[in-house]
Amino acid sequence: MNQSVGDRAVVLGGSIAGTFSARVLSEFYREVIVVDRDQVVSVSRPRRGTPHAGHAHGLHARGCLILEELFPNLLRDLRHAELPVGDLGEQRWYFNARPFRSTRTGLPSVTAQRPVLEGYFRDKVAALPNVTFLERTDVLGFLSTPDARRVTGVPGAFEGSECRKCIRSRRRSARRRHRPRIAYSGLAGGAGIPATGRAADDDRSGLHHTALPTLPGHAQRHAIHQLHHITPVPARAFFGQVDHTTCILSLTGILGDHPPTDPDGFLAFAKTLPVADVYEQIRHAEPLSAPACFRFPASVRRHYERLPRLPERLLVLGDAVCSLNPNYSQGMTVAAMEVMALHRHLSRGTPSTVAFMRAVGRIVDNPWFISTTSDLKYAGMKGPRGLTARSGNAYVTRLHHAAVKDPAVTNALMRVAGLIDRPTALIRPRVLLSAMRRQGSGSGPAR
Ligand SMILES: Cc1cc2nc3c(=O)[nH]c(=O)nc-3n(C[C@H](O)[C@H](O)[C@H](O)COP(=O)(O)OP(=O)(O)OC[C@H]3O[C@@H](n4cnc5c(N)ncnc54)[C@H](O)[C@@H]3O)c2cc1C
(Lines give C-alpha, C1' and ligand atoms only; values in the text may rest on other atoms or scores of the structure.)
Protein backbone atom coordinates (compact mmCIF):
# COMPACT_ATOMS: atom_id res chain seq x y z
CA MET A 1 0.00 0.00 0.00
CA ASN A 2 1.25 3.40 -1.08
CA GLN A 3 -0.12 5.56 1.69
CA SER A 4 -3.25 5.01 3.71
CA VAL A 5 -6.02 7.41 2.81
CA GLY A 6 -8.87 5.53 4.43
CA ASP A 7 -10.40 2.25 5.52
CA ARG A 8 -12.83 1.47 2.79
CA ALA A 9 -13.64 2.64 -0.70
CA VAL A 10 -16.73 1.41 -2.52
CA VAL A 11 -16.74 1.38 -6.30
CA LEU A 12 -20.14 1.28 -7.96
CA GLY A 13 -19.91 -0.66 -11.20
CA GLY A 14 -17.30 -3.30 -11.95
CA SER A 15 -16.84 -2.67 -15.65
CA ILE A 16 -13.94 -0.80 -17.26
CA ALA A 17 -13.88 2.41 -15.21
CA GLY A 18 -14.78 0.59 -11.98
CA THR A 19 -12.06 -2.01 -12.45
CA PHE A 20 -9.40 0.58 -13.27
CA SER A 21 -10.48 2.64 -10.25
CA ALA A 22 -10.30 -0.35 -7.93
CA ARG A 23 -6.75 -1.00 -9.11
CA VAL A 24 -5.72 2.54 -8.08
CA LEU A 25 -7.79 2.63 -4.88
CA SER A 26 -6.19 -0.63 -3.72
CA GLU A 27 -2.97 1.32 -3.22
CA PHE A 28 -4.60 3.78 -0.83
CA TYR A 29 -7.43 2.01 1.04
CA ARG A 30 -7.32 -0.92 3.38
CA GLU A 31 -10.37 -2.39 1.70
CA VAL A 32 -11.91 -1.80 -1.73
CA ILE A 33 -15.35 -3.16 -2.57
CA VAL A 34 -16.56 -3.19 -6.16
CA VAL A 35 -20.33 -3.56 -6.48
CA ASP A 36 -21.95 -4.63 -9.74
CA ARG A 37 -25.43 -5.80 -10.53
CA ASP A 38 -24.04 -8.47 -12.85
CA GLN A 39 -21.83 -11.42 -12.21
CA VAL A 40 -18.53 -10.08 -13.49
CA VAL A 41 -15.54 -11.98 -12.13
CA SER A 42 -14.18 -14.51 -14.64
CA VAL A 43 -16.91 -13.58 -17.08
CA SER A 44 -15.54 -13.17 -20.57
CA ARG A 45 -18.73 -12.87 -22.62
CA PRO A 46 -21.16 -9.98 -23.13
CA ARG A 47 -23.42 -9.46 -20.13
CA ARG A 48 -26.58 -7.57 -19.40
CA GLY A 49 -24.92 -4.56 -17.75
CA THR A 50 -22.72 -3.89 -20.80
CA PRO A 51 -24.84 -4.60 -23.87
CA HIS A 52 -22.31 -2.78 -26.08
CA ALA A 53 -19.64 -5.35 -25.25
CA GLY A 54 -20.51 -7.44 -28.31
CA HIS A 55 -18.68 -4.86 -30.41
CA ALA A 56 -14.96 -4.93 -30.97
CA HIS A 57 -13.19 -2.43 -28.75
CA GLY A 58 -10.00 -0.64 -29.67
CA LEU A 59 -7.80 0.56 -26.85
CA HIS A 60 -6.05 3.70 -28.01
CA ALA A 61 -2.41 4.56 -27.55
CA ARG A 62 -2.74 6.79 -24.49
CA GLY A 63 -4.88 4.15 -22.77
CA CYS A 64 -2.35 1.41 -23.60
CA LEU A 65 0.50 3.46 -22.16
CA ILE A 66 -1.35 4.32 -18.95
CA LEU A 67 -2.61 0.80 -18.42
CA GLU A 68 0.84 -0.66 -19.02
CA GLU A 69 1.86 1.41 -16.00
CA LEU A 70 -1.02 0.15 -13.86
CA PHE A 71 -0.86 -3.42 -15.15
CA PRO A 72 2.84 -4.12 -15.89
CA ASN A 73 3.43 -6.41 -18.90
CA LEU A 74 -0.05 -5.72 -20.24
CA LEU A 75 1.02 -5.63 -23.88
CA ARG A 76 3.25 -8.67 -23.51
CA ASP A 77 0.40 -10.62 -21.88
CA LEU A 78 -2.06 -9.61 -24.59
CA ARG A 79 0.39 -10.65 -27.31
CA HIS A 80 0.84 -14.00 -25.53
CA ALA A 81 -2.93 -14.38 -25.50
CA GLU A 82 -2.76 -13.79 -29.27
CA LEU A 83 -4.72 -10.56 -29.10
CA PRO A 84 -3.78 -8.17 -31.88
CA VAL A 85 -1.42 -5.55 -30.49
CA GLY A 86 -0.28 -3.33 -33.32
CA ASP A 87 1.00 0.07 -34.25
CA LEU A 88 -1.82 2.59 -34.62
CA GLY A 89 -0.35 4.01 -37.83
CA GLU A 90 0.10 0.61 -39.43
CA GLN A 91 -3.55 -0.26 -39.23
CA ARG A 92 -5.49 0.28 -42.40
CA TRP A 93 -7.44 3.49 -42.15
CA TYR A 94 -9.77 4.67 -44.86
CA PHE A 95 -11.46 8.03 -44.84
CA ASN A 96 -13.68 9.07 -47.69
CA ALA A 97 -12.86 5.69 -49.20
CA ARG A 98 -9.17 6.45 -49.56
CA PRO A 99 -6.44 4.72 -47.52
CA PHE A 100 -4.08 6.62 -45.30
CA ARG A 101 -0.40 6.09 -46.02
CA SER A 102 0.70 3.57 -43.43
CA THR A 103 3.48 4.59 -41.06
CA ARG A 104 5.13 3.33 -37.90
CA THR A 105 4.14 5.73 -35.13
CA GLY A 106 5.45 3.80 -32.15
CA LEU A 107 1.96 4.11 -30.67
CA PRO A 108 0.44 0.84 -29.47
CA SER A 109 -3.13 -0.10 -30.16
CA VAL A 110 -5.08 -3.15 -29.07
CA THR A 111 -8.24 -4.50 -30.64
CA ALA A 112 -10.10 -7.17 -28.79
CA GLN A 113 -13.43 -8.57 -27.89
CA ARG A 114 -14.47 -6.23 -25.16
CA PRO A 115 -15.34 -8.92 -22.55
CA VAL A 116 -11.93 -10.50 -23.08
CA LEU A 117 -10.11 -7.21 -22.51
CA GLU A 118 -12.32 -6.29 -19.57
CA GLY A 119 -11.87 -9.80 -18.14
CA TYR A 120 -8.08 -9.48 -18.32
CA PHE A 121 -8.08 -6.33 -16.19
CA ARG A 122 -10.73 -7.55 -13.79
CA ASP A 123 -8.97 -10.86 -13.11
CA LYS A 124 -5.83 -8.93 -12.19
CA VAL A 125 -7.75 -6.59 -9.89
CA ALA A 126 -9.85 -9.38 -8.33
CA ALA A 127 -6.59 -11.10 -7.39
CA LEU A 128 -5.48 -8.12 -5.28
CA PRO A 129 -5.76 -9.10 -1.60
CA ASN A 130 -7.69 -6.01 -0.49
CA VAL A 131 -10.21 -5.91 -3.36
CA THR A 132 -13.58 -7.68 -3.19
CA PHE A 133 -16.16 -7.86 -5.96
CA LEU A 134 -19.71 -7.84 -4.66
CA GLU A 135 -21.62 -9.23 -7.61
CA ARG A 136 -25.30 -9.47 -8.55
CA THR A 137 -25.86 -6.53 -6.27
CA ASP A 138 -27.82 -3.50 -7.30
CA VAL A 139 -26.87 -0.08 -5.97
CA LEU A 140 -29.81 2.11 -4.99
CA GLY A 141 -28.22 5.40 -4.05
CA PHE A 142 -26.11 6.99 -1.33
CA LEU A 143 -26.29 7.79 2.34
CA SER A 144 -25.11 11.23 3.31
CA THR A 145 -24.80 13.51 6.27
CA PRO A 146 -28.03 15.47 7.01
CA ASP A 147 -26.61 18.57 5.30
CA ALA A 148 -25.74 16.43 2.25
CA ARG A 149 -22.18 17.70 2.38
CA ARG A 150 -20.59 14.29 2.67
CA VAL A 151 -21.43 10.83 1.41
CA THR A 152 -21.30 8.31 4.23
CA GLY A 153 -22.34 5.07 2.63
CA VAL A 154 -23.93 3.17 -0.19
CA PRO A 155 -27.38 2.13 0.94
CA GLY A 156 -29.73 -0.32 -0.53
CA ALA A 157 -27.21 -2.34 -2.41
CA PHE A 158 -28.95 -5.67 -2.36
CA GLU A 159 -28.62 -8.97 -4.07
CA GLY A 160 -29.47 -8.46 -7.69
CA SER A 161 -31.57 -10.54 -9.98
CA GLU A 162 -31.28 -11.39 -13.63
CA CYS A 163 -34.77 -9.97 -14.13
CA ARG A 164 -34.77 -6.20 -14.63
CA LYS A 165 -38.50 -5.99 -13.84
CA CYS A 166 -37.85 -7.61 -10.45
CA ILE A 167 -34.96 -5.22 -9.84
CA ARG A 168 -37.10 -2.19 -10.64
CA SER A 169 -39.91 -3.34 -8.39
CA ARG A 170 -37.49 -4.22 -5.58
CA ARG A 171 -35.83 -0.83 -5.97
CA ARG A 172 -39.21 0.88 -5.65
CA SER A 173 -40.18 -1.13 -2.59
CA ALA A 174 -36.75 -0.67 -0.99
CA ARG A 175 -37.10 3.07 -1.42
CA ARG A 176 -40.55 2.95 0.11
CA ARG A 177 -39.51 0.83 3.04
CA HIS A 178 -35.94 2.13 3.46
CA ARG A 179 -35.01 -1.37 4.38
CA PRO A 180 -32.26 -2.56 2.09
CA ARG A 181 -31.05 -6.11 2.49
CA ILE A 182 -27.40 -5.19 2.42
CA ALA A 183 -26.41 -1.72 3.38
CA TYR A 184 -22.91 -0.39 3.22
CA SER A 185 -22.27 2.44 5.51
CA GLY A 186 -19.26 3.68 7.34
CA LEU A 187 -17.31 5.25 4.51
CA ALA A 188 -15.63 7.35 7.18
CA GLY A 189 -12.27 8.08 5.72
CA GLY A 190 -13.40 6.29 2.60
CA ALA A 191 -14.77 7.11 -0.79
CA GLY A 192 -17.66 6.18 -3.03
CA ILE A 193 -16.81 5.96 -6.72
CA PRO A 194 -19.77 5.67 -9.08
CA ALA A 195 -18.61 4.09 -12.33
CA THR A 196 -21.99 2.77 -13.34
CA GLY A 197 -21.81 3.80 -16.97
CA ARG A 198 -24.34 5.89 -18.79
CA ALA A 199 -27.23 3.78 -17.42
CA ALA A 200 -30.60 5.35 -18.26
CA ASP A 201 -30.11 8.30 -20.55
CA ASP A 202 -32.51 10.15 -22.78
CA ASP A 203 -33.30 8.45 -26.02
CA ARG A 204 -32.50 10.48 -29.08
CA SER A 205 -31.90 9.49 -32.64
CA GLY A 206 -28.28 8.63 -33.19
CA LEU A 207 -25.96 5.81 -33.95
CA HIS A 208 -26.77 2.21 -34.65
CA HIS A 209 -24.03 -0.35 -34.49
CA THR A 210 -24.45 -3.83 -35.77
CA ALA A 211 -21.68 -6.28 -35.14
CA LEU A 212 -21.06 -9.72 -36.53
CA PRO A 213 -18.27 -11.89 -35.20
CA THR A 214 -16.96 -13.98 -38.05
CA LEU A 215 -14.58 -16.81 -38.50
CA PRO A 216 -12.63 -15.99 -41.63
CA GLY A 217 -12.33 -18.69 -44.26
CA HIS A 218 -8.57 -18.32 -44.26
CA ALA A 219 -6.25 -17.66 -41.33
CA GLN A 220 -5.24 -14.04 -40.96
CA ARG A 221 -2.36 -13.81 -38.57
CA HIS A 222 -2.14 -10.05 -38.60
CA ALA A 223 -4.68 -7.60 -37.37
CA ILE A 224 -6.66 -5.88 -40.04
CA HIS A 225 -8.46 -2.74 -39.10
CA GLN A 226 -10.35 -0.90 -41.67
CA LEU A 227 -12.27 2.20 -41.09
CA HIS A 228 -14.48 3.64 -43.71
CA HIS A 229 -15.66 7.05 -42.91
CA ILE A 230 -17.83 7.84 -45.82
CA THR A 231 -18.97 11.37 -46.24
CA PRO A 232 -21.51 12.68 -46.99
CA VAL A 233 -23.11 9.24 -46.45
CA PRO A 234 -22.42 8.70 -42.77
CA ALA A 235 -21.61 5.03 -42.47
CA ARG A 236 -18.62 3.41 -40.94
CA ALA A 237 -17.10 -0.01 -40.71
CA PHE A 238 -14.66 -1.36 -38.22
CA PHE A 239 -13.24 -4.67 -39.30
CA GLY A 240 -10.63 -6.23 -37.14
CA GLN A 241 -9.08 -9.43 -36.05
CA VAL A 242 -9.76 -9.89 -32.34
CA ASP A 243 -7.94 -13.14 -31.75
CA HIS A 244 -6.05 -15.64 -33.86
CA THR A 245 -9.17 -17.02 -35.56
CA THR A 246 -11.90 -14.45 -35.12
CA CYS A 247 -12.69 -11.14 -36.77
CA ILE A 248 -15.45 -8.73 -35.83
CA LEU A 249 -17.12 -6.47 -38.31
CA SER A 250 -18.99 -3.56 -36.72
CA LEU A 251 -21.06 -1.51 -39.12
CA THR A 252 -22.35 1.85 -38.04
CA GLY A 253 -25.16 3.85 -39.51
CA ILE A 254 -26.30 7.21 -38.28
CA LEU A 255 -29.21 9.55 -38.71
CA GLY A 256 -31.71 6.86 -39.48
CA ASP A 257 -29.53 4.62 -41.64
CA HIS A 258 -29.41 1.38 -39.67
CA PRO A 259 -27.26 -1.61 -40.57
CA PRO A 260 -29.73 -4.52 -40.61
CA THR A 261 -29.52 -7.40 -38.17
CA ASP A 262 -30.50 -10.17 -40.54
CA PRO A 263 -27.43 -11.86 -42.06
CA ASP A 264 -28.37 -11.11 -45.69
CA GLY A 265 -29.21 -7.48 -44.97
CA PHE A 266 -25.99 -7.11 -42.99
CA LEU A 267 -23.98 -8.47 -45.90
CA ALA A 268 -25.82 -6.21 -48.33
CA PHE A 269 -25.03 -3.19 -46.13
CA ALA A 270 -21.35 -4.21 -46.10
CA LYS A 271 -21.47 -4.37 -49.90
CA THR A 272 -22.49 -0.71 -50.06
CA LEU A 273 -19.22 0.38 -48.43
CA PRO A 274 -17.09 2.14 -51.02
CA VAL A 275 -14.08 -0.05 -50.24
CA ALA A 276 -14.81 -3.51 -51.52
CA ASP A 277 -12.43 -5.67 -49.51
CA VAL A 278 -14.45 -5.77 -46.27
CA TYR A 279 -17.32 -7.31 -48.16
CA GLU A 280 -14.96 -9.57 -50.08
CA GLN A 281 -13.45 -10.87 -46.86
CA ILE A 282 -16.66 -11.56 -45.01
CA ARG A 283 -18.86 -12.91 -47.73
CA HIS A 284 -17.26 -16.36 -47.47
CA ALA A 285 -16.59 -16.18 -43.72
CA GLU A 286 -18.54 -18.30 -41.29
CA PRO A 287 -20.68 -16.16 -38.94
CA LEU A 288 -20.24 -17.16 -35.32
CA SER A 289 -23.53 -15.61 -34.27
CA ALA A 290 -26.39 -13.54 -35.62
CA PRO A 291 -25.57 -9.81 -36.02
CA ALA A 292 -26.27 -7.89 -32.82
CA CYS A 293 -27.44 -4.29 -32.81
CA PHE A 294 -26.58 -1.67 -30.21
CA ARG A 295 -28.39 1.64 -30.32
CA PHE A 296 -26.38 4.64 -29.13
CA PRO A 297 -28.82 7.51 -28.97
CA ALA A 298 -26.47 10.36 -28.17
CA SER A 299 -23.17 11.33 -26.64
CA VAL A 300 -23.80 12.48 -23.09
CA ARG A 301 -21.68 14.68 -20.86
CA ARG A 302 -22.48 15.63 -17.29
CA HIS A 303 -20.65 18.77 -16.18
CA TYR A 304 -19.96 17.95 -12.53
CA GLU A 305 -16.96 20.26 -12.78
CA ARG A 306 -19.27 23.24 -13.13
CA LEU A 307 -21.04 22.62 -9.82
CA PRO A 308 -19.77 24.91 -7.08
CA ARG A 309 -20.55 22.33 -4.40
CA LEU A 310 -20.50 18.56 -4.43
CA PRO A 311 -20.76 16.08 -1.57
CA GLU A 312 -17.33 15.11 -0.32
CA ARG A 313 -16.19 11.51 -0.72
CA LEU A 314 -18.12 10.98 -3.90
CA LEU A 315 -16.02 10.85 -7.05
CA VAL A 316 -17.55 10.08 -10.42
CA LEU A 317 -15.75 8.76 -13.49
CA GLY A 318 -16.06 6.79 -16.73
CA ASP A 319 -19.22 6.88 -18.80
CA ALA A 320 -21.11 8.08 -15.72
CA VAL A 321 -19.45 11.44 -16.45
CA CYS A 322 -19.20 11.31 -20.21
CA SER A 323 -20.31 8.77 -22.74
CA LEU A 324 -18.60 9.53 -26.04
CA ASN A 325 -19.59 8.56 -29.55
CA PRO A 326 -18.05 5.07 -29.90
CA ASN A 327 -16.90 5.86 -33.46
CA TYR A 328 -13.82 7.49 -31.98
CA SER A 329 -12.95 4.61 -29.62
CA GLN A 330 -12.10 6.94 -26.75
CA GLY A 331 -14.14 5.71 -23.76
CA MET A 332 -11.73 3.22 -22.21
CA THR A 333 -8.76 5.53 -22.72
CA VAL A 334 -10.62 8.42 -21.09
CA ALA A 335 -11.42 6.15 -18.13
CA ALA A 336 -7.72 5.27 -17.89
CA MET A 337 -6.76 8.97 -17.93
CA GLU A 338 -9.30 9.67 -15.18
CA VAL A 339 -7.96 6.97 -12.89
CA MET A 340 -4.46 8.37 -13.30
CA ALA A 341 -5.88 11.68 -12.08
CA LEU A 342 -7.44 9.75 -9.21
CA HIS A 343 -4.00 8.36 -8.40
CA ARG A 344 -2.48 11.86 -8.36
CA HIS A 345 -5.23 13.21 -6.11
CA LEU A 346 -5.06 10.26 -3.69
CA SER A 347 -1.29 10.64 -3.46
CA ARG A 348 -1.97 13.99 -1.82
CA GLY A 349 -4.49 12.58 0.71
CA THR A 350 -8.29 12.44 0.76
CA PRO A 351 -9.30 14.02 -2.55
CA SER A 352 -11.60 17.01 -2.63
CA THR A 353 -14.60 16.12 -4.80
CA VAL A 354 -14.75 19.55 -6.43
CA ALA A 355 -11.03 19.51 -7.29
CA PHE A 356 -11.18 15.95 -8.62
CA MET A 357 -14.28 16.56 -10.74
CA ARG A 358 -12.59 19.65 -12.21
CA ALA A 359 -9.61 17.50 -13.15
CA VAL A 360 -11.97 14.98 -14.76
CA GLY A 361 -13.68 17.83 -16.62
CA ARG A 362 -10.33 18.94 -18.05
CA ILE A 363 -9.56 15.37 -19.16
CA VAL A 364 -12.94 15.02 -20.88
CA ASP A 365 -12.73 18.42 -22.66
CA ASN A 366 -10.39 17.25 -25.41
CA PRO A 367 -12.03 13.93 -26.43
CA TRP A 368 -15.44 15.57 -26.12
CA PHE A 369 -14.29 18.35 -28.45
CA ILE A 370 -12.87 15.86 -30.97
CA SER A 371 -15.94 13.68 -30.99
CA THR A 372 -18.68 16.32 -30.97
CA THR A 373 -16.93 18.57 -33.49
CA SER A 374 -16.23 15.69 -35.86
CA ASP A 375 -19.87 14.59 -35.64
CA LEU A 376 -20.95 17.99 -36.96
CA LYS A 377 -19.49 17.27 -40.37
CA TYR A 378 -22.62 15.20 -41.07
CA ALA A 379 -25.25 17.45 -42.53
CA GLY A 380 -28.18 16.12 -40.48
CA MET A 381 -26.38 16.19 -37.12
CA LYS A 382 -27.87 18.68 -34.70
CA GLY A 383 -25.57 21.13 -32.96
CA PRO A 384 -24.18 24.64 -33.29
CA ARG A 385 -21.74 24.95 -36.20
CA GLY A 386 -19.57 27.83 -35.11
CA LEU A 387 -16.43 28.94 -36.89
CA THR A 388 -14.24 26.45 -34.99
CA ALA A 389 -16.39 23.49 -36.02
CA ARG A 390 -16.72 24.57 -39.66
CA SER A 391 -13.10 25.53 -40.23
CA GLY A 392 -11.79 22.67 -38.06
CA ASN A 393 -13.75 20.04 -40.02
CA ALA A 394 -12.78 21.54 -43.38
CA TYR A 395 -9.13 21.47 -42.33
CA VAL A 396 -9.31 17.88 -41.04
CA THR A 397 -10.88 16.80 -44.35
CA ARG A 398 -7.85 18.28 -46.09
CA LEU A 399 -5.59 16.40 -43.71
CA HIS A 400 -7.43 13.17 -44.57
CA HIS A 401 -6.57 13.78 -48.21
CA ALA A 402 -2.98 14.66 -47.34
CA ALA A 403 -2.58 11.51 -45.26
CA VAL A 404 -3.20 9.39 -48.35
CA LYS A 405 0.25 10.48 -49.58
CA ASP A 406 2.11 11.82 -46.57
CA PRO A 407 2.99 9.50 -43.67
CA ALA A 408 3.85 12.50 -41.48
CA VAL A 409 0.20 13.55 -41.66
CA THR A 410 -0.97 10.01 -40.83
CA ASN A 411 1.37 10.18 -37.84
CA ALA A 412 -0.04 13.54 -36.71
CA LEU A 413 -3.65 12.35 -37.09
CA MET A 414 -2.93 9.13 -35.20
CA ARG A 415 -1.34 11.02 -32.32
CA VAL A 416 -4.50 13.09 -31.95
CA ALA A 417 -6.85 10.12 -32.41
CA GLY A 418 -4.78 8.15 -29.89
CA LEU A 419 -5.25 11.03 -27.39
CA ILE A 420 -1.50 11.58 -27.17
CA ASP A 421 -1.58 15.08 -28.70
CA ARG A 422 -4.23 17.77 -28.59
CA PRO A 423 -5.92 18.74 -31.87
CA THR A 424 -3.83 21.94 -31.96
CA ALA A 425 -0.84 19.72 -32.85
CA LEU A 426 -2.43 19.41 -36.29
CA ILE A 427 -1.55 22.98 -37.11
CA ARG A 428 2.18 22.53 -36.68
CA PRO A 429 3.99 23.92 -39.75
CA ARG A 430 5.01 20.54 -41.24
CA VAL A 431 1.44 19.23 -41.15
CA LEU A 432 -0.13 22.52 -42.18
CA LEU A 433 2.14 22.72 -45.20
CA SER A 434 1.24 19.22 -46.30
CA ALA A 435 -2.47 20.02 -45.98
CA MET A 436 -2.07 23.11 -48.11
CA ARG A 437 -0.13 21.20 -50.78
CA ARG A 438 -2.73 18.47 -51.09
CA GLN A 439 -5.61 20.90 -51.35
CA GLY A 440 -8.24 19.59 -53.73
CA SER A 441 -6.64 16.18 -54.27
CA GLY A 442 -9.22 13.63 -55.39
CA SER A 443 -11.31 11.53 -53.06
CA GLY A 444 -12.87 8.96 -55.34
CA PRO A 445 -13.72 5.48 -54.16
CA ALA A 446 -10.88 3.04 -53.80
CA ARG A 447 -12.45 0.03 -55.43
C1 LIG B 1 -20.91 0.10 -29.44
C2 LIG B 1 -19.81 0.69 -28.62
C3 LIG B 1 -18.49 0.53 -29.04
C4 LIG B 1 -17.47 1.09 -28.28
N5 LIG B 1 -16.18 0.96 -28.72
C6 LIG B 1 -15.18 1.47 -27.97
C7 LIG B 1 -13.83 1.32 -28.38
O8 LIG B 1 -13.54 0.75 -29.44
N9 LIG B 1 -12.86 1.83 -27.58
C10 LIG B 1 -13.14 2.48 -26.41
O11 LIG B 1 -12.21 2.91 -25.72
N12 LIG B 1 -14.41 2.65 -25.99
C13 LIG B 1 -15.43 2.16 -26.74
N14 LIG B 1 -16.71 2.31 -26.32
C15 LIG B 1 -16.94 3.05 -25.05
C16 LIG B 1 -16.69 2.13 -23.87
O17 LIG B 1 -17.41 0.93 -24.01
C18 LIG B 1 -17.14 2.84 -22.59
O19 LIG B 1 -16.51 4.08 -22.52
C20 LIG B 1 -16.79 2.02 -21.38
O21 LIG B 1 -17.53 0.84 -21.38
C22 LIG B 1 -17.11 2.81 -20.14
O23 LIG B 1 -16.97 1.99 -19.06
P24 LIG B 1 -17.70 2.28 -17.69
O25 LIG B 1 -17.09 1.33 -16.74
O26 LIG B 1 -17.70 3.74 -17.37
O27 LIG B 1 -19.25 1.94 -17.95
P28 LIG B 1 -19.92 0.58 -18.43
O29 LIG B 1 -18.99 -0.23 -19.23
O30 LIG B 1 -21.22 0.99 -19.02
O31 LIG B 1 -20.19 -0.24 -17.09
C32 LIG B 1 -21.09 0.16 -16.10
C33 LIG B 1 -21.15 -0.96 -15.06
O34 LIG B 1 -21.97 -0.53 -13.97
C35 LIG B 1 -22.87 -1.58 -13.60
N36 LIG B 1 -24.05 -0.93 -13.02
C37 LIG B 1 -24.85 0.00 -13.62
N38 LIG B 1 -25.80 0.40 -12.75
C39 LIG B 1 -25.60 -0.29 -11.58
C40 LIG B 1 -26.27 -0.33 -10.32
N41 LIG B 1 -27.32 0.44 -10.06
N42 LIG B 1 -25.80 -1.16 -9.38
C43 LIG B 1 -24.72 -1.97 -9.63
N44 LIG B 1 -24.05 -1.95 -10.81
C45 LIG B 1 -24.49 -1.14 -11.76
C46 LIG B 1 -23.12 -2.31 -14.92
O47 LIG B 1 -23.53 -3.64 -14.70
C48 LIG B 1 -21.74 -2.24 -15.59
O49 LIG B 1 -20.92 -3.32 -15.24
C50 LIG B 1 -17.75 1.80 -27.07
C51 LIG B 1 -19.08 1.95 -26.65
C52 LIG B 1 -20.09 1.42 -27.43
C53 LIG B 1 -21.50 1.66 -26.99
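What's counted below: heavy atoms across the whole structure, side chains too, no hydrogens, waters or symmetry copies. Atoms within each ligand, like the ligands themselves, are counted from 1 in listed order.
- Considering each of G331, G63, A292, A335, the one bringing a non-hydrogen atom nearest atom 15 (C) of ligand 1 is G331.
- Summarising the local packing, CZ of R283 is surrounded by more than 12 heavy atoms from other residues, nucleotides or ligands at distances under 6.0 Å.
- Side-chain atoms of H57 and E118 form no donor-acceptor pair, as typed in the model, at a separation below 3.5 Å.
- Proximity of L12 to ligand 1 is not established, as no heavy-atom distance is less than 4.0 Å.
- Those atoms of ligand 1 that come under 4.0 Å of a heavy atom in T50, given as number and element, are 29 (O), 31 (O).
- The R47 neighbourhood of ligand 1 comprises atoms 47 (O), 48 (C), 49 (O), with distances under 4.0 Å to a heavy atom of that residue.
- With a 4.0 Å heavy-atom cut-off, ligand 1 is reached by the side chain of R114 but not by its N, CA, C or O.
- Ligand 1 is approached by D36 to a heavy-atom distance shorter than 4.0 Å.
- Between the side chains of S352 and R313, not a single donor N or O lies within less than 3.5 Å of an accepting N or O.
- With ring centers used as reference points, F95 lies under 6.0 Å from F100.
- In the model, T105 has a side-chain atom that pairs as donor or acceptor with a side-chain atom of D87 under 3.5 Å.
- Only the backbone of T137 comes within contact range of ligand 1, with a heavy atom under 4.0 Å; no side-chain atom does.
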